[in-house]
Amino acid sequence: MEALVNGWRGRRVLVTGDTGFKGSWLSLWLHALGAEVTGFALPPPSEPSLFDAARIGELIEHHEGDIRDLAAVRAVVEASRPEVIFHLAAQPLVRLSYREPVETYATNVMGTVHLLEAARRAPDVKAIVCVTSDKCYENREWVWPYRENDPMGGHDPYSSSKGCAELVAAAYRSSFFAKGPALATVRAGNVIGGGDWAGDRLVPDLIRAFEAGAAPLIRSPNAVRPWQHVLEALGGYLRIAERLLAGERQFADAWNFGPSDDDTQPVSWIVERMRAAWGGEAARPVADTASRVHEAGLLRLDCSKARAALGWRPTLNLEQALDWIVAWHKAIGRGEDARVVTLAQIMDYSAAANHPSVTPAKAGAHLPDVPHNAPVPLSRG
């Protein structure tokens, strides 16, 4: 694989949604690569949050604002003069979208319109990576994985809004970005990792239950999802951005980033593997018998395009990913510095991704003494 460190030092990068789980990991990684990062988002969506725990606001120029506010989006784009934009700001929860459909569409659809409208009027922007979701596809509950040219759809407001965001990006690409900024969209699977404290997500719910010594409530134990560590998806986003910055406009397209077929597992498998990794004190789950809304039962991604064109493939298998999550939260529970722990996992992942023959370090074993404001070199030669 090519290194994930090409050309980021001194780059002006705007990350929308930087206070979220994925946005926090990405902002920290970009800062470690030497980029000049500006963030734009609402306050952190959970308490605690990775953004606060890792003190990411000390490392980047963060602007609090709402992606639904076109004037605010234009202002931050004009002020930060980004060369690269990663658009992650979103309402990310399926079940919340049933309760708040208007907010979901306003954020995920019109928020994307606002970002792209601001970007097309910004002379310095060279590359835009819009993050949508694996749920953007019209899910037919079939066994075949979805490819990038399959139809958009969505049973629930969240999934539908992500399909709409893909259509918005495609229209802007053909209408306004045939020249100028190169625009790609990226569709990842169920992203998991340390520092996710969001409500109504399986892995954070498990962690909260294990830490409290309570039995986790589990719904849809047979639902199958493309689980993957957050660094797998972010590594793909960085690779796409690098190719766009290099002027390779054929990469201005839609891309899937998901796990291998062996790592597409049901909820029940994740629960038992997490219990084993956590240790003997982890309580057995109980079924959540509350009324449920419709959620997809089977979802898989075909990532052959990313493998063939980008040389991208998963670095961590699912068992390793779950071990890294447990190690992250156990380290924080011992009082270790969230920024140091997160950077250590970024460094270990980067080393393994750059050198496929290198086995990823045992989760949590490599925790360097990282100065709080120092960029971290992620290539190991």
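The shown structure was predicted, so the numbers you read here are calculated from the model rather than taken from an experiment.
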Should Gln91 and Ser97 count as side-chain neighbours, where that means a heavy-atom distance under 4.5 Å?
yes
Presence of salt bridge, Lys305 and Asp253, under 4.0 angstrom:
yes
Please name the pair of heavy atoms, one in His114 and one in Val73, separated by the smallest distance, quoted to 0.1 Å.
O-CG1, 3.8 Å
Side-chain heavy-atom pair Ile67, Phe40 within 4.5 angstrom cut-off
yes
Pair Glu83 + Arg11, salt bridge at N-O below 4.0 Å:
yes
So does Gly154 get a backbone contact from the side chain of Glu138, meaning a donor-acceptor N/O pair under 3.5 Å?
no
Taking the side chain as everything from C-beta on, heavy atoms only, tell me whether Cys130 gets closer than 4.5 Å to His87.
yes
How are the rings of Phe257 and Trp312 set to each other: parallel, tilted or perpendicular (split at 30° and 60°)?
perpendicular
Does the salt bridge (charged side-chain N to carboxylate O under 4.0 Å, His left out) test come out yes or no for Arg273 and Asp323, once each step is laid out?
CA-CA 9 Å; Arg273 184 62 181 76; Asp323 286 342; 3.1 Å; yes
Is any side-chain heavy atom of Asp134 less than 4.5 Å from a side-chain heavy atom of Asn256?
no
In terms of heavy-atom contacts, His63 and Thr38 come closest through CD2-CG2, 3.5 Å
Does the side chain of Trp227 reach to within under 4.5 Å of the side chain of Asp263, using non-hydrogen atoms?
no
The test is salt bridge (charged side-chain N to carboxylate O under 4.0 Å, His left out); show your working for Glu248 and Arg243 and say whether it passes.
CA-CA 6 Å; Glu248 299 178 67; Arg243 304 303 283 266; 3.0 Å; yes
Could you check whether any side-chain N or O of Trp324 sits under 3.5 Å from a backbone N or O of Gly194, counting only pairs where one atom can act as donor and the other as acceptor?
no
Would you say Val15 and Val76 are hydrophobically clustered, going by side-chain heavy atoms of ILVMFWY under 4.5 Å?
no
Grouping I, L, V, M, F, W and Y whenever their side-chain heavy atoms are under 4.5 Å apart, do Trp8 and Leu59 come out in a common cluster?
yes
In the single-linkage hydrophobic clustering (I, L, V, M, F, W, Y; side-chain heavy atoms under 4.5 Å), do Phe21 and Leu28 co-cluster?
yes
Nearest heavy atoms of Pro181 and Ala119, plus distance in Å
CG-O, 4.4 Å
Indicate every side-chain donor-acceptor pair of residues 186-193 with a distance under 3.5 Å to a residue at least two apart or in another chain.
unit_1, atom_1, unit_2, atom_2, d
Arg187, NE, Glu166, OE2, 2.8
Arg187, NH1, Tyr137, OH, 2.7
Arg187, NH1, Glu148, O, 3.1
Arg187, NH2, Glu166, OE1, 2.9
Asn190, OD1, Lys135, NZ, 3.2

Does the side chain of Tyr158 come within less than 4.5 Å of Pro101's, by heavy atoms?
no
Between Gln320 (side chain) and Asn317 (backbone), is there a donor-acceptor pair under 3.5 Å?
yes
Side-chain ion pair, Asp156 and Lys162, N-O less than 4.0 Å
no
All heavy atoms of Arg208 vs all of Gly199, minimum pair found to be NH2-CA, 3.6 Å
For the aromatic rings, using the six-membered ring if either is Trp, is the centroid distance between Trp197 and His329 under 6.0 Å?
yes
Are Arg121 and Arg74 close enough that some pair of their side-chain heavy atoms sits under 4.5 Å apart?
yes
Under the side chain to side chain contact (heavy atoms under 4.5 Å, CB included) criterion, do Leu238 and Leu26 qualify, and how do the steps go?
CA-CA 9 Å; Leu238 289 170; Leu26 178 59; 4.2 Å; yes
Could you walk me through whether Ile218 and Leu206 pass the side chain to side chain contact (heavy atoms under 4.5 Å, CB included) test, one step at a time?
CA-CA 9 Å; Ile218 301 302; Leu206 290 174; 3.9 Å; yes
Enter the distance from Thr342:OG1 to Ile56:CD1 here, rounded to the nearest 0.5 Å.
7.0 Å
State whether Arg81 and Glu78 are salt-bridged, where the test is any N-O pair (Lys NZ or Arg NE/NH1/NH2 against Asp/Glu carboxylate O) under 4.0 Å.
no
Quick check: closest heavy atoms across Ala182 and Leu244, and the distance to 0.1 Å?
O-CD1, 3.6 Å
Return the CG to CD distance between Leu231 and Gln345, rounded to the nearest 0.5 Å.
7.5 Å
From Ile85 CD1 over to Leu116 CG, what is the distance, rounded to the nearest 0.5 angstrom?
8.0 Å
How far apart are the C-alpha atoms of Thr104 and Tyr98, what are their side-chain angles, what is the distance that settles it, and do they pass the side chain to side chain contact (heavy atoms under 4.5 Å, CB included) test?
CA-CA 9 Å; Thr104 299; Tyr98 282 100; over 6 Å; no
Rounded at 0.5 Å granularity, tell me how far CD in Gln228 sits from OG in Ser260.
10.5 Å
Any donor-acceptor pair under 3.5 Å from Ser350 side chain to Ile346 backbone:
no
Linking I/L/V/M/F/W/Y whenever any side-chain heavy atoms sit under 4.5 Å apart, do Ile128 and Leu245 land together?
no
Minimum side-chain heavy-atom gap Phe86-Leu234 below 4.5 Å:
no
Is the backbone N or O of Val203 less than 3.5 Å from a side-chain atom of Asp196, with the two atoms forming a donor-acceptor pair by type?
no
Thinking salt bridges, do Glu242 and Arg239 make one under a 4.0 Å N-O criterion?
no
Short question: side chain of Thr112, backbone of Asn108 - any donor-acceptor pair under 3.5 Å?
yes
For Val326 and Met274, run side chain to side chain contact (heavy atoms under 4.5 Å, CB included): C-alpha distance rounded to whole Å, both residues' side-chain angles, the deciding distance at 0.1 Å, then the answer.
CA-CA 8 Å; Val326 169; Met274 284 286 288; 4.2 Å; yes
Does Ser174 reach the main-chain N or O of Ala170 with its side chain, forming a donor-acceptor pair under 3.5 Å?
yes
Quick one: do Val37 and Leu343 end up in the same hydrophobic cluster if we chain Ile, Leu, Val, Met, Phe, Trp and Tyr together by side-chain heavy atoms under 4.5 Å apart?
yes
For Tyr105, give me all partners under ring-ring contact (aromatic ring centres under 6.0 Å, His included), at least two apart in sequence or on another chain.
none
Looking only at heavy atoms, what is the nearest atom pair of Ala338 and Ala53, with distance?
CB-O, 3.5 Å
Nearest-0.5 Å distance, CZ of residue Arg9 to CG of residue Leu30:
12.0 Å
Are Phe51 and His62 an aromatic pair by the rule of ring centers under 6.0 Å?
yes
Test: Asp150 and Arg147 ion pair at under 4.0 Å:
no
Got a sec, which hydrophobics cluster with Leu70, joining ILVMFWY side chains under 4.5 Å apart, including via others?
none
Is there a donor-acceptor pair closer than 3.5 Å between any side-chain N or O of Arg173 and the backbone N or O of Leu183?
yes
So, the side chain of Ser161 versus the backbone of Val109: is there a donor-acceptor pair under 3.5 Å, distance only?
no
What's the spacing between Leu322 CG and Trp278 CH2 if we round to 0.5 Å?
12.5 Å
Quick check against the 3.5 Å criterion: does Ser24 have a side-chain atom that pairs as donor or acceptor with the backbone of Asp18?
yes
So, for Trp25 and His229, is the gap between ring centers shorter than 6.0 Å?
yes
Quick one: do Arg55 and Asp337 make a salt bridge, cutoff under 4.0 Å?
yes
